[in-house]
Amino acid sequence: MLDLKAIRQDPDKFRQGVKRKKYDPALIDQLLEADEAWRSALTEVERLKSVRNKASEAIAMKKKQGQDASAEIAEMKSVSEKIKELDERVRQLDEQVHEMLLGLPNIPHESVPDGDDENDNVTIKHWGDKPQFSFEPKPHWELAQDLDIVDFERAVKITGSRFVLYKGLGAKLERALANFMLDYQIEKNGYVEMFPQFIANDTSLIGTGNLPKFGDEMFKLEGLPYYLIPTAEIPLTNYYRDEILDASQLPVKFAGYSSCFRSEAGSAGKDTRGLIRLHQFQKVELVKLVTPESSYDELNSLVEDAEDILQALELPYRVIECCTGDQGVKASKQYDLEVWLPAAGRYREISSCSNFEAYQARRANLRFRRDETSKPEFVHTLNGSGLAIGRTVAAILENGQQADGSIKLPKALVPYMGVETITRRA
RNA sequence: GGAGUGAUGGCCGAGUAGGUCGAAGGCGCUCGCCUGCUAAGCGAGUAUACGGGUAAUACCGUAUCGACGGUUCGAAUCCGUCUCACUCCGCCA
């Protein structure tokens, strides 16, 4: 959510910001119009309430002295009715303004490159050497099925399409990656480990910006205002919702492992094979709550924290700075990490790291106080995947494959896996 | 799932025959005083949001005693619904 007061003060800045985000700048003017109507109604009803309060006091005084106050009471009766009507109008207008505000995207940081879509993103870094094969590299789903470490067909029987079940060393690889990623972030980068619930209520989802606009991307529990979380960002960012933190608590750094559930509405026909796009996947998510002045430095270090994992897993990747048109709606600035998938012959997003500035903090009422006497201020929130585990499995399989179909594992995983290669069980 | 109790400011805790209650008192905290150190003592202050106002303060107004709705000229106080917490019973990993 954007700052309404800031929009009033400098509408043009927000018209342009919204436009850069590929939203209609007229939204700002509509908002200001509704805001104006709300404020004038509010001023009027508050004036009437002031009248009423004074009259009530006078009535109380008269009664105490045993005098008759029926004239005043009769007069106030009509005032009260008017207040009731106006109160309702104020409520409606307030709701309208609030909804419009919730529907607006965050505006991009000035440093973000302009662009329409992913083609305008800027590659800012490459890391690692793409593996060279003396044979035609296989896609990860073939490797996995040949090794009998995932089962797509039976997963469909159990649930439906876009689900997968890991088996044997595949299941162990999932678990090993989760442990490795968590251990790394906790021990090396100072994150606090969190294991959240996988179901969150609507208020939490409004707090992070997934509602009201993106309800159809999530699975909702029937008859309840509860959703399966699309990412651990939801519980971790909402952990301190409606609280005022002490400045000494910042930065808050959480690393949380969870399953993530996405309905993948509108992606029919895309990435239908393999581990790339599923209704359920697991992920280690990094979330930070920081002071406003430090948030861009914190974004850089967040990207590095995610890169650490890719480097430790010896996976070639590149870092992309997302252009204004390809950023998430909530983000002020966003970097994506894309891992190399040799069989596909392309890079795929494996982590997305964003600074939301106060966009989420304002929605979730996440504040901090610099010292005892200062006013509460909104924190800045950031998050990034560290990493999406399904796609990491895909990358390890495709990059580590050998001529005989076995998989050479990254050294960092050997202690977690107990083997150096994944081979087909006899 | 059944039965009961409760929800007040940063914390504890008063406050129901409705009327200066934003709310007594205590603790904590901030500032000042005092005391050759420390402790104690004394005085003052100490919520949040929104609107108006201002260069910014000041200031003015409104709202907030779990949430929502109702009664009333007026509600922390009365009525209804909901949420949450605690206790007991049942059930379960």
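Just so we're on the same page: letters track the sequence lines, and every chain starts at 1. Just so it is clear, the structure is predicted and the values come from calculations on it, not from any experiment.
The separation between A:Glu243 atom CD and B:rU48 atom P is 16 Å, rounded to whole Å. Put simply, CG on A:Asn201 is 13 Å from P on B:rU83, counting in whole angstrom units.
When the shell of 6.0 Å around NZ of A:Lys22 is examined, it contains more than 12 heavy atoms from other residues, nucleotides or ligands.
For the pair A:Glu72 and A:Arg39, both in contact range of RNA chain B, the more 5′-proximal nearest nucleotide belongs to A:Arg39. Position along RNA chain B of the nearest nucleotide to A:Lys49 versus A:Lys5 favours A:Lys5 as the more 5'-ward residue.
Across B:rA76 and B:rA67, the matching P atoms stand 12 Å from one another, rounded to whole Å. As rounded to the nearest Å, B:rG43 and B:rA56 have C1' atoms that lie 31 Å from one another. Using P as the reference atom, B:rG45 and B:rC84 are 41 Å apart when rounded to the nearest Å. To the nearest whole angstrom, the two C1' atoms, one in B:rA3 and one in B:rU8, are 27 Å apart. Spacing of C1' atoms, B:rA40 relative to B:rG4, comes out at 47 Å, to the nearest Å. The same atom, C1', is picked in B:rA44 and in B:rA63; the two are 28 Å apart, to the nearest Å.
Side-chain atoms of A:Arg391 do not come within 3.5 Å of backbone N or O of A:Leu275 as any donor-acceptor pair. Formation of a donor-acceptor pair under 3.5 Å by the A:Asn106 side chain with backbone atoms of A:Phe356 is found in this model.
Using a 4.5 Å heavy-atom cutoff, the side chains of A:Thr291 and A:His380 are not in contact.
The side chain of A:Arg367 places no N or O atom within less than 4.0 Å of a non-bridging phosphate oxygen (OP1 or OP2) of B:rA47.
Residue A:Lys84 places its side chain closer to B:rU71 than to any other of B:rC73, B:rU71, B:rG51.
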